[in-house]
Every structure is written in structure tokens, then in C-alpha cells.
Student: 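I'd like to ask some things about the structure below.
Residue indices begin at 1 and follow the sequence shown.
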Amino acid sequence: MKKLLLAAAAAALLTCTWQAPANAEYLKEHRGGTMRLLARSAAGTLDPHINYTLQYWQIFQPLYDGLVAFRKADGKDGFKIVADLAEDMPAVSNDGKTFTFKLRKGIKFSNGQDVTVKDVVASFQRIFKVSGPTSGTFYAGIVGADKCLADTKSCTLEGGVTADEAAGTITINIVKPDAEFIDKLAMPHAVVLPAGTPTEDVGSNPIPGTGAYAISAYDPNKGMTMVRNPHFKQWSEEAQPDGYPDVVQYDFGLTEEAAVTAIQKGEADWMFDQPPTDRLVELGTKYMDQVHISPLTAWWYAPLNTRLAPFDNEKARQAVAYAVDRNTLVNLFGGKVLATPVCQVLPPDFPGHEDYCPFTKNPGTKWSAPDVDKAKQLVEESGTKGQKVTVIVEDTAVSRSIGVYLQSVLTSIGYVADVKPISSNIQFTYIQNTNNKVQMSVSQWYQDYPAASNFLNILFGCDSFREGSDASVNISGFCDKDIDARMKQAMDLGVTDQDAANKAWAEIDRAVTDKAAAVPLFTPKHVDFVSKRLGNFKFNAQFYWIVTQAWVQ
């Protein structure tokens with residue numbers, strides 16, 4: 001009965017819509033006020049060149065700008081890239097290897113300092129100096145990046161990023177054509193910061209930005225306060241629109257249960273975390289017009305450390321993939337309306353996706369059921385039976401429940417398992433750092449931009465793995481030289497023939513899936529629960545709810 005109620009509630013949630021007023025003059029009347037956001041915890045460093053979490057990437061949108069940006073628009077219109085700090089999209093020359101941008105005049109950082117071409121050059125150098133998590137992937141193709149990756153502190157990107165102060169232009173040269181390079185420039189990791197910004201992780205110290213808002217106070221144990229940037233004047237509504245609230249207060253520490261209740265009472269306006277499953281019936285019946293459900297190009301997955309026992313053994317990894325019941329996980333997340341079982345890396349309706357499901361009762365194109373007998377057989381063959389395994393999860397209701405379930409699965413196939421929840425503020429960086437010797441974890445990946453490489457190359461490419469680093473997004477430590485070479489070939493092919501490249505990515509997806517470096521769990525939908533006083537809700541396919549484009553009464 002509980003499952004039926006949850007399904008009914010979720011279905012009800014999907015039918016609800018929020019009709020934002022279309023009259024621009026009416027929206028003007030809602031400028032002002034304080035919007036209150038809630039999250040169970042902070043999400044790590046405030047440094048936009050280092051942080052790699054959805055929670056803060058969403059918040060960085062009204063704070064920082066790059067030369068280009070994803071459009072601040074509803075739905076898939078948010079995948080369009082527009083000029084931001086640059087006056088226009090770049091002039092491309094040299095057979096696709098040279099990009100020239102003209103910097104807009106009159107833009108200031110939130111500390112009052114003028115934005116100059118020197119800030120742009122210094123920002124690209126800083127990506128490498130702070131060993132940003134995508135410096136070896138997104139930006140490794142810039143001329144001079146190889147030297148910067150070898151010796152980060154002396155990085156100059158000589159010949160790669162140059163400025164002409166008189167002309168107000170920045171020229172970026174890359175080693176070879178890259179069909180995704182403009183997408184990479186629109187990422188938060190490429191935002192422009194003042195040239196004097198420290199060249200190490202700033203942690204809890206806000207860096208001045210160019211956006212409509214600035215962080216005025218931050219305590220990772222309590223919260224973040226964002227206020228209007230006094231030096232901001234809107235230059236592009238598509239790239240960096242002015243916002244409605246005067247203050248955005250983001251408070252940390254409440255449980256998901258308490259957050260739902262606070263929004264119901266009008267004490268808060270939105271929660272970052274997924275509402276607990278046991279509250280979905282209530283939300284789907286009493287608060288339908290305050291709930292938004294949006295499809296995602298994302299997956300929840302369980303990275304298996306390919307460099308530590310027992311999962312340095314391929315059969316042990318495959319055993320876990322066979323044993324996990326995806327339907328159980330879907331129910332833990334909230335039911336079939338909110339999640340879908342997944343068997344492979346690339347999500348459905350994504351470039352390069354072709355249905356593939358090898359680790360199931362009936363291998364083929366779709367997941368059917370777990371095969372526990374096959375899993376037990378593989379554990380025996382691997383010689384790893386009886387070994388200890390700890391699963392590291394976020395200390396949230398949904399992640400804890402998934403961790404406990406995976407613990408039971410591991411125990412059932414012959415391991416001695418336990419689960420360790422840790423704060424969401426540190427979990428993502430903790431599971432990346434090899435010094436912490438994490439055998440298995442639960443994580444999520446939401447596309448940076450719509451390209452197959454953003455899942456396969458970023459999560460399983462050799463260049464994404466770094467020993468002893470909090471910014472090693474290849475959490476499983478997977479590095480297959482043959483597969484890695486094929487990924488690089490597919491990226492090159494995408495410059496001239498994207499359809500052929502997507503076919504190559506489909507084959508790579510199958511190859512990576514077969515190696516079972518991570519267990520695919522499910523593809524989620526995003527649930528946003530907002531207060532009754534919040535209007536003009538816009539969900540951007542790239543960075544999700546556009547926070548400051550909503551108003552509060």
C-alpha cells in the first residue's frame with residue numbers, strides 16, 4: 001500500500017504546473033525582499049575554479065561570469081551558449097584552433113575593480129595553478145597546458161592565452177580542434193576572477209565576481225548570505241540577468257524532514273536536498289502547486305575503487321553489478337515516477353546512448369532483475385569472499401538508505417560490509433582522495449554540458465585521476481589505456497562528424513560498463529519544493545532552478 005501511495009503521490013506531482021505571470025510590469029513589482037534557501041550542509045570550497053558540485057554551481061550562476069555562458073532560460077533553451085563578458089561569440093580561425101574574444105567595457109568586480117584582459121589571462125593560468133579538477137581534461141588542449149600540468153605553480157600558458165590591452169581582446173589557442181571547447185569555456189571552472197586572487201584554494205573566503213550578486217557572509221557550518229552586487233549593471237539578460245530578491249539567505253543544518261516542514265510553514269522558500277520519500281504523499285496531495293518535477297541528464301552510481309581490494313578484481317566488481325536490485329533503489333528514491341533503473345554510464349536520450357544492460361538476470365538492452373546466484377559465483381571465483389568493504393555515503397536521508405541497502409547486498413554475496421555516512425559538505429572531495437582509501441561510495445553525476453565525453457571521459461578517463469587529490473573526479477581510479485585512446489579518438493572525430501563520434505561513444509560506453517568500475521543505480525528526476533510566496537520559478541536544463549530569477553512576496 002505504501003508503494004501505491006507513493007506512486008500515486010508522485011503521479012500527482014507530475015501533473016501539477018506553476019503558471020508564472022507573463023506581465024513584465026507585474027514582475028517588476030516583486031523586486032526586493034529576502035529569499036531563504038535550505039540545505040542539509042554546505043558543499044565544500046567557495047572557490048569556483050575548484051568546486052565541482054551541483055549545489056554550488058547553481059549558486060555560482062548569479063555570482064560569476066566567463067567569456068561565454070549558458071543562457072539563463074527555461075528548459076533546454078538553457079543549453080544555448082551566449083556571449084557573456086565577451087561582446088560577442090569568438091572569431092574562430094586557424095582551422096578551429098584559435099578563438100579571439102573582445103572584452104566588454106565598463107564591467108566591474110563586486111569589489112569595484114575594473115575587469116581587464118589581464119584578469120582573463122590570470123584566471124586561465126589560475127585554473128592550473130590551483131590544480132582545478134578539470135585542468136587535465138577540459139583545458140588540457142590549450143597551448144602550454146602540458147607545461148602547466150607538469151609544473152602548476154609556474155604556469156603561464158605561453159602561446160595559449162594572450163591579451164592585447166590596446167584592442168581589449170583575448171586570444172586562446174588550442175593544440176587541435178575541439179568540438180566541445182566553447183562548452184568548456186562556459187563552465188564555472190573558467191569564470192573570470194581578479195588577477196590578484198590567491199593561487200590556492202580559498203576555502204571559505206568569497207572571491208569577488210562580476211555577477212548580479214555577491215557573497216557578503218559565509219560560514220560552512222551555518223550558511224551563506226548573498227546580496228546585490230553594488231557595481232553590477234546588466235549587460236546581457238541572456239547571460240547575466242539582474243535578479244529579483246535583494247538578499248538570498250542560504251542556511252545549512254536542517255534535516256530534510258525539518259526543511260520540508262519549514263517550507264510548508266512559510267519559514268523558508270526552497271530546499272536543495274531531495275524531500276524524504278515518506279513526505280511525498282503529503283506533498284503530492286496538499287502542496288501540489290508548490291512542487292516542480294523536472295527530467296535530468298544524470299545518474300546515481302556507486303564507484304568501485306579499481307586500485308584497492310576487493311574491487312581491484314574485475315570479477316568482484318561485476319559481482320556487485322549483478323547483485324544490485326535497481327527497482328529497490330528506485331523505490332528508495334521515491335518510485336518509478338521519480339527515477340528509472342539504469343545499467344550503463346550514458347543516460348537515456350543523451351548523445352551516444354544506445355540501450356545496453358549486461359549485468360542483469362537476462363542480459364540485453366534493459367534491466368530485468370538482479371542475478372544474485374551469478375554474483376555469488378563471481379565472488380567465489382575472484383577469491384575475495386569474506387573481505388571487508390565500507391560504503392561511504394552522504395549524510396542525507398536518501399543516500400543513507402541507499403548505503404544501508406548496498407551494505408545488505410554486499411553481505412548477501414559474501415563480503416563483511418558496513419556503511420559510513422559523512423557530511424555532504426566533505427563527502428564528494430573525501431571519496432575522490434586516494435589517501436582516504438575509499439573502497440566503495442555512492443555519488444551522483446549531472447552533466448556539465450550535453451556531450452558523451454562529459455560522462456565517460458571525465459568520470460573514467462585516465463587524465464581525470466590524480467593520486468592524493470580532493471579533485472580527482474575519476475573516483476574509481478579507472479584507467480584503461482586502450483579505452484582512453486578510443487575516447488580521445490572519439491573527441492577528435494566529433495570535430496568533423498558528430499554522428500560517427502556518437503557511434504564510437506556508444507561502443508566506449510559498452511566497454512566501460514563491462515569493466516564495472518562503477519555500478520549504475522538509477523537516473524533521477526529533480527524535485528523542487530518551494531514556498532507558497534515564491535513565484536516565477538524557472539528550471540534551466542543546464543544549471544537547474546535559476547534562483548535569482550524567482551521572486552518572493
Side-chain angles (χ1 to χ4, degrees), residues 6 10 39-40 43 52-55 57-58 256 272-277 280 293-305 317 320-350 353 356-357 359-360 367 370 391-410 419-422 424 427-428 430-432 438-448 454-456 458-460 473-476 478 509 512-513 516-528 544:
L6 291 176
R40 188 177 181 93
Y52 210 170
T53 68
L54 169 63
Q55 185 174 344
W57 275 25
Q58 183 179 36
E256 296 93 324
F272 170 77
D273 303 291
Q274 172 84 9
T277 304
L280 291 179
I293 296 182
S294 308
L296 302 176
T297 46
W299 71 333
W300 280 59
Y301 68 113
L304 304 176
N305 195 324
R317 302 195 302 269
V320 181
Y322 271 115
V324 171
D325 187 338
R326 274 73 169 178
N327 281 342
T328 295
L329 292 165
V330 165
N331 288 332
L332 289 174
F333 193 72
K336 293 181 179 180
V337 178
L338 297 182
T340 305
V342 67
C343 300
Q344 60 199 101
V345 181
L346 294 179
D349 301 318
F350 201 72
H353 174 93
Y356 181 60
C357 197
F359 303 119
T360 185
W367 190 83
V391 186
I392 306 296
V393 300
E394 292 177 286
D395 189 16
T396 65
V398 172
S399 290
R400 286 196 307 272
S401 65
I402 290 173
V404 170
Y405 168 70
L406 292 176
Q407 177 188 14
S408 70
V409 170
L410 291 166
V419 60
K420 181 181 178 182
I422 62 177
S424 300
Q427 193 259 4
F428 187 56
Y430 183 90
I431 63 178
Q432 292 181 69
V438 176
Q439 298 164 291
M440 182 175 179
S441 57
V442 174
S443 194
Q444 311 92 41
W445 187 256
Y446 304 84
Q447 104 290 327
D448 296 323
N454 190 243
F455 276 79
L456 289 162
I458 298 300
L459 297 182
F460 301 102
V473 74
N474 182 343
I475 299 167
S476 63
F478 179 78
D509 188 19
V512 172
T513 298
V519 181
L521 304 179
F522 56 88
T523 294
K525 289 187 175 68
H526 197 73
V527 179
D528 287 294
Y544 303 176

Student: In the structure I gave you, are the side-chain heavy atoms of Asn474 and Ser476 within less than 4.5 Å of one another anywhere?
Tutor: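 Of all side-chain heavy-atom pairs linking Ser476 with Asn474, at least one is under 4.5 Å.
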Student: Rounded at 0.5 Å granularity, tell me how far CZ in Phe272 sits from CD in Glu256.
Tutor: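 One finds 11.0 Å between CZ of Phe272 and CD of Glu256.
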Student: Decide yes or no for Leu280 and Leu338: does some side-chain heavy atom of the first lie under 4.5 Å from some side-chain heavy atom of the second?
Tutor: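 Of all side-chain heavy-atom pairs linking Leu338 with Leu280, at least one is under 4.5 Å.
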Student: Mind checking whether Phe333 and Trp300 have parallel, tilted or perpendicular rings, split at 30° and 60°?
Tutor: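 Answer is perpendicular, since the angle exceeds 60°.
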Student: What distance separates Thr360 OG1 from Tyr322 OH, expressed to the nearest 0.5 Å?
Tutor: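 Those atoms lie 9.0 Å apart.
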Student: Under the 3.5 angstrom rule, does the side chain of Ser399 hit a backbone N or O of Asp395 as a donor-acceptor pair?
Tutor: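 Absent.
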Student: Side chains of Phe478 and Leu459: does their closest heavy-atom pair fall under 4.5 Å?
Tutor: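 No - every pair of side-chain heavy atoms lies 4.5 Å or more apart.
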Student: To the closest 0.5 Å, what do you measure between OG1 (Thr277) and CG (Leu332)?
Tutor: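 Here the rounded value is 7.0 Å.
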Student: Are side-chain heavy atoms of Tyr544 and Leu54 found at a separation under 4.5 Å?
Tutor: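 Yes, close enough: below the 4.5 Å cut-off.
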Student: What are the two closest heavy atoms between Glu394 and Pro421, and how far apart are they?
Tutor: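 The answer is O-CB, 4.3 Å.
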Student: State, with a plain yes or no, whether a side-chain heavy atom of Arg326 is found less than 4.5 Å away from one of Val342.
Tutor: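 A side-chain contact is absent here, since even the closest heavy-atom pair is not under 4.5 Å.
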Student: Kindly indicate, with the supporting measurements, whether the criterion side-chain contact (heavy atoms from CB on, under 4.5 Å) is fulfilled by Val473 and Ile458.
Tutor: CA-CA 7 Å; Val473 74; Ile458 298 300; 3.6 Å; yes
Student: Roughly how far, to the nearest 0.5 Å, is the OG1 atom of Thr523 from the CD atom of Gln444?
Tutor: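 That separation rounds to 12.5 Å.
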Student: Quick one: do the Asn454 and Gln447 side chains pair a donor with an acceptor below 3.5 Å?
Tutor: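 Note: Asn454 and Gln447 side chains miss the donor-acceptor criterion.
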Student: Locate the shortest heavy-atom distance separating Ile422 from Ile392; write the atom from each residue and the value.
Tutor: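 Where Ile422 meets Ile392 most closely, the heavy atoms are CD1-CG2, 3.8 Å.
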Student: Show the nearest heavy-atom pair for residues Trp367 and Val324, with the distance to one decimal.
Tutor: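 Where Trp367 meets Val324 most closely, the heavy atoms are CZ2-O, 3.8 Å.
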Student: Does any non-hydrogen side-chain atom of Lys420 lie less than 4.5 Å from one of Tyr430?
Tutor: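 Yes - at least one pair of side-chain heavy atoms lies under 4.5 Å apart.
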Student: Find the distance between OH (Tyr446) and CH2 (Trp57) and round it off to the nearest 0.5 Å.
Tutor: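 Between Tyr446 OH and Trp57 CH2, I get 13.5 Å after rounding to 0.5 Å.
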Student: To check you understand the geometry: which heavy-atom pair defines the closest contact between Ser441 and Gln427, and what is its length?
Tutor: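 Heavy atoms only, the tightest pair is CB-NE2, 4.5 Å.
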Student: Could you grab the distance from atom CG of Asp509 to atom CD of Gln344, nearest 0.5 Å is fine?
Tutor: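 So the gap between those two atoms works out to 4.5 Å.
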Student: Where do Ala43 and Thr53 come nearest, in terms of heavy atoms and distance?
Tutor: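 That would be CB-OG1, 3.6 Å.
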Student: Taking the side chain as every heavy atom from C-beta outward, state whether Phe359 and Cys343 have any pair of such atoms under 4.5 Å apart.
Tutor: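 No. Closest side-chain heavy atoms not under 4.5 Å.
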Student: Kindly give the heavy-atom pair with the smallest separation between Ile475 and Ile431, and that separation in Å.
Tutor: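 Nearest pair, atom of Ile475 first, then Ile431: CG2-O, 3.3 Å.
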Student: Keeping Tyr301 on the side-chain end and Val345 on the backbone end, is there a donor-acceptor pair under 3.5 Å?
Tutor: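 The answer is no, because no donor-acceptor pair under 3.5 Å joins these two groups.
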Student: Should Ile402 and Phe522 count as side-chain neighbours, where that means a heavy-atom distance under 4.5 Å?
Tutor: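 Sidechains of Phe522 and Ile402: in contact.
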Student: Using a distance-only test with no angle check, is there a side-chain donor-acceptor pair under 3.5 angstrom linking Asp448 and Tyr52?
Tutor: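 Checked: Asp448/Tyr52 side chains pair up, N/O donor to acceptor below 3.5 Å.
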Student: Given the rule in the side-chain contact (heavy atoms from CB on, under 4.5 Å) test, do Asp325 and Tyr405 qualify, once you have shown the distances and angles that lead to the verdict?
Tutor: CA-CA 9 Å; Asp325 187 338; Tyr405 168 70; 3.1 Å; yes
Student: Could you tell me whether a side-chain N or O of His526 sits under 3.5 Å from a main-chain N or O of Ser294, the two making a donor and an acceptor?
Tutor: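 The answer is no, because no donor-acceptor pair under 3.5 Å joins these two groups.
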